[in-house]
Protein chains: 2
Amino acid sequence: MADIAKLAGVAVSTVSRALAGSPLVSADTRARIAELAKEHGYSINVGAQNLRLGQNQTIAVVVPYEAATGQNLSDPFFLSLLGCVVNAITARGWEVLLSRVEANAIESVAQPVLTGRAMGLVLMGHLNAFEPLNDLVRRGIPIVVWGALRPGQQFCTVGGDNFRGGELAGRHLVDQGARRILFLGDPALPEFGQRLEGCLAAQRAAGIEPDPELQKPVPLLPAAIDAHLASLVGAGIAFDAVFAASDLAAATAIGTLRRLGIRVPQDVAVVGYDDITIAVHFDPPLTTVRQPIEQAGLAIVDSLLAQIEGRPAESTILPTELIQRRSSLP
Amino acid sequence: MADIAKLAGVAVSTVSRALAGSPLVSADTRARIAELAKEHGYSINVGAQNLRLGQNQTIAVVVPYEAATGQNLSDPFFLSLLGCVVNAITARGWEVLLSRVEANAIESVAQPVLTGRAMGLVLMGHLNAFEPLNDLVRRGIPIVVWGALRPGQQFCTVGGDNFRGGELAGRHLVDQGARRILFLGDPALPEFGQRLEGCLAAQRAAGIEPDPELQKPVPLLPAAIDAHLASLVGAGIAFDAVFAASDLAAATAIGTLRRLGIRVPQDVAVVGYDDITIAVHFDPPLTTVRQPIEQAGLAIVDSLLAQIEGRPAESTILPTELIQRRSSLP
DNA sequence: ATGAAAGCGCTAACAC
DNA sequence: GTGTTAGCGCTTTCAT
């Protein structure tokens with residue numbers, strides 16, 4: 001900037017003002033300076049600017065590493081959601097600092113804010129850390145978490161209506177004649193637990209008493225799903241429907257069932273969760289519960305910006321929707 | 001930092017040194033200062049530190065918005081690749097600034113470096129911009145592009161061996177008895193063009209003269225693929241195999257073919273590209289060409305860091321591998 | 001309408 | 001071993 005000032009024969013302060021479009025500087029000086037800047041390929045040093053301004057239009061998006069069980073970064077749904085969040089942040093004119101943390105290193109989550117690199121945090125998953133997150137809020141760190149809303153939480157979450165999603169899936173399966181619905185997922189993960197609860201509620205509402213044998217926790221990994229289904233079939237524990245906590249898991253299950261000589265949807269109806277892009281191309285096309293991810297991205301960012309600006313922010317539960325396809329229809 | 005200095009009864013420089021682990025400061029002062037910092041939840045302001053140091057361990061990852069045709073951000077392959085790049089950067093101890101640009105706003109690609117927010121650029125796709133990218137190199141901006149290597153390029157690329165991938169797919173299909181292989185994709189995109197070339201070469205090597213009718217450009221969108229296949233079938237243009245430029249396209253094609261009463265693999269063998277996670281769960285499981293994405297992430301980052309440190313960096317072509325599954329086997 | 005100077009939070013000579 | 005000081009590139013009073 002000093003160079004530009006010298007070239008223009010003015011003081012740096014004038015250049016600063018000119019580049020900021022201040023009306024204090026005469027129109028032609030402004031034009032001349034803009035010209036020089038372009039000609040010499042000069043752009044303002046945002047780091048220095050931020051230091052001086054005591055701010056930075058940056059949001060840290062933190063992605064937990066591999067929850068060991070359950071959804072992780074290779075899940076297309078998760079990645080699409082991440083894309084939506086990034087889009088929403090960019091659309092608001094903020095920048096995105098992306099980082100990944102080990103699930104146990106919850107302490108390091110707030111690092112980008114503490115070190116002044118970002119003004120707020122988006123945490124893409126609950127990390128099974130409850131109190132540490134409450135703690136961040138108490139320390140005044142703006143944060144929004146993607147995931148289930150739970151009692152006693154002080155941090156702000158945005159997530160799909162998991163209970164309702166489970167209920168939609170459950171009711172639909174019951175309507176298709178299902179009486180023994182197998183849940184695929186680990187209910188200990190809050191989101192999955194709520195999906196299961198919704199599904200159970202729908203069954204009970206139809207006068208069906210769910211069998212606990214069909215609600216055992218399963219990590220959503222192909223091998224685990226394979227083994228689980230095989231062991232159920234081997235033990236003669238019957239089921240006429242599967243509600244999987246993710247589309248990926250549903251896809252795996254359909255493959256496994258087929259190998260076991262069980263037809264989908266004739267013998268077993270299958271419903272997944274997330275409505276990933278390819279769900280419609282599965283064979284049979286997959287019935288699933290859709291979460292509005294574009295909306296999620298916007299809700300997350302708006303909530304976070306509200307906190308950063310000192311306005312109150314509330315958790316959001318987004319509507320979920322059942323997408324009926326052939327995997328659950330006669 | 002001034003506060004900590006006051007609390008410790010030392011000068012800021014001492015605190016700075018202590019926090020940097022300098023051996024110049026006595027072990028117990030260092031311990032005392034570390035203690036105070038932790039107690040008061042103090043972390044170094046990285047922005048100020050970077051300003052002073054004239055650097056920042058940050059790499060900007062730039063994702064082009066929707067190439068209109070072809071692969072975009074909703075493609076699981078693309079997202080997985082992005083994940084690998086981010087992992088590699090994080091593993092090297094650098095930070096990631098993520099941004100998205102319109103395909104036409106190629107000028108803004110270099111913004112993060114020009115404004116001093118990042119020291120190098122990873123561009124996740126060619127953007128069909130050749131000269132502007134060469135230009136960035138001439139201006140000394142460290143950059144690595146994911147995509148095809150093309151003659152005359154001065155920028156460094158990392159990509160799969162597209163020609164070889166196409167060749168593997170082509171030879172495999174020919175081995176399965178295919179004589180008329182339909183290519184699905186737009187050869188104008190360099191990566192896809194090279195895949196097609198490889199596939200054509202394999203056919204010619206087997207004494208087959210490929211029919212230009214089967215190489216017409218198709219945007220990889222479900223509707224376009226549907227329409228294209230239907231029009232070919234309607235026009236009586238026969239084919240006994242499909243080589244799709246992405247797994248997503250292959251999945252769409254399989255669905256369309258099935259609706260047209262054409263069986264896969266009995267009537268038409270299908271090979272995709274990328275080996276996305278779910279390819280194995282398609283019905284039939286998809287034969288596809290795998291690109292080593294973890295390796296890609298590492299190659300990209302190493303190449304970029306080399307440039308940043310002033311070392312020479314060369315483009316990398318990564319090996320591709322055919323994964324045979326039932327969609328192309330009798 | 002423009003310039004001079006202070007200071008954002010930090011590091012690195014250079015003293016002592 | 002520790003303190004003093006200058007300065008990274010910018011913005012913003014306060015003068016003029």
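A note on names: the letters A, B, ... follow the listed sequences, proteins ahead of strands, and every chain is numbered from 1. Every value quoted in this text rests on a predicted model; they were computed, and no experiment measured them.
When the C1' atoms of four end pairs are superposed on the next four at each end of the helix from C:dA1-D:dT16 to C:dC16-D:dG1, using five pairs per end, the two resulting axes differ in direction by 40°, to 10°.
Between the side chains of A:Asp274 and A:Gln291, at least one donor N or O lies within less than 3.5 Å of an accepting N or O.
Following rounding to the nearest Å, B:Asn56 (CG) and D:dC8 (C1') show an atom-to-atom distance of 13 Å. Rounded to whole angstrom, the span from the CG atom of A:Leu51 across to the P atom of D:dG9 amounts to 12 Å.
Protein chain B contacts DNA chain C from C:dG9 to C:dA13, reading 5' to 3' and using non-hydrogen atoms of the protein with a distance under 4.0 Å.
Going from atom OG of A:Ser16 over to atom CD1 of A:Ile4 covers 13.0 Å, rounded to the nearest 0.5 Å. With values rounded to the nearest 0.5 angstrom, A:Thr58 atom OG1 is found 8.5 Å from A:Met119 atom CE. With rounding to the nearest 0.5 Å, the separation of CH2 in A:Trp146 from CG in A:Leu123 is 12.5 Å.
Summarising the geometry of A:Ile106 relative to A:Ala129, their closest heavy-atom pair is CD1-CB, 3.7 Å, with the distance given to 0.1 Å.
Residues that satisfy the side chain to side chain donor-acceptor pair (under 3.5 Å) test with A:Arg92, not counting sequence neighbours, are A:Asp302. Looking at residues two or more places apart in sequence or on another chain, you find a salt bridge (Lys or Arg N to Asp or Glu O under 4.0 Å) between A:Glu309 and A:Arg311.
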Generate the contact string for nucleotides 11-16 of chain D. Rules: B means base contact, S means sugar-phosphate contact only, - means no protein heavy atom under 4.0 Å.
BBB---
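Of the residues in residues 26-35 of chain A, none has a non-hydrogen atom less than 4.0 angstrom from any atom of DNA chain D.
Atom CD of B:Glu39 has more than 12 neighbouring heavy atoms from other residues, nucleotides or ligands inside a 6.0 Å radius.
Between B:Met124 and the choices B:Leu98, B:Val145, B:Val85, the side-chain contact (heavy atoms from CB on, under 4.5 Å) rule is met once, by B:Val85. Here the rule is side-chain contact (heavy atoms from CB on, under 4.5 Å) with A:Gln111, and of A:Val109, A:Val113, A:Leu114 only A:Leu114 fits it.
Side-chain N or O atoms of B:Ser43 include none that pairs as donor or acceptor with a backbone N or O of A:Thr115 at under 3.5 Å.
Taking 4.0 Å as the cut-off between side-chain N and carboxylate O, A:Glu131 and A:Arg138 count as a salt-bridged pair.
Ring geometry for B:Phe130 against B:Phe155 counts as perpendicular: the plane angle is over 60°, on a 0 to 90° scale with 30° as the lower cut.
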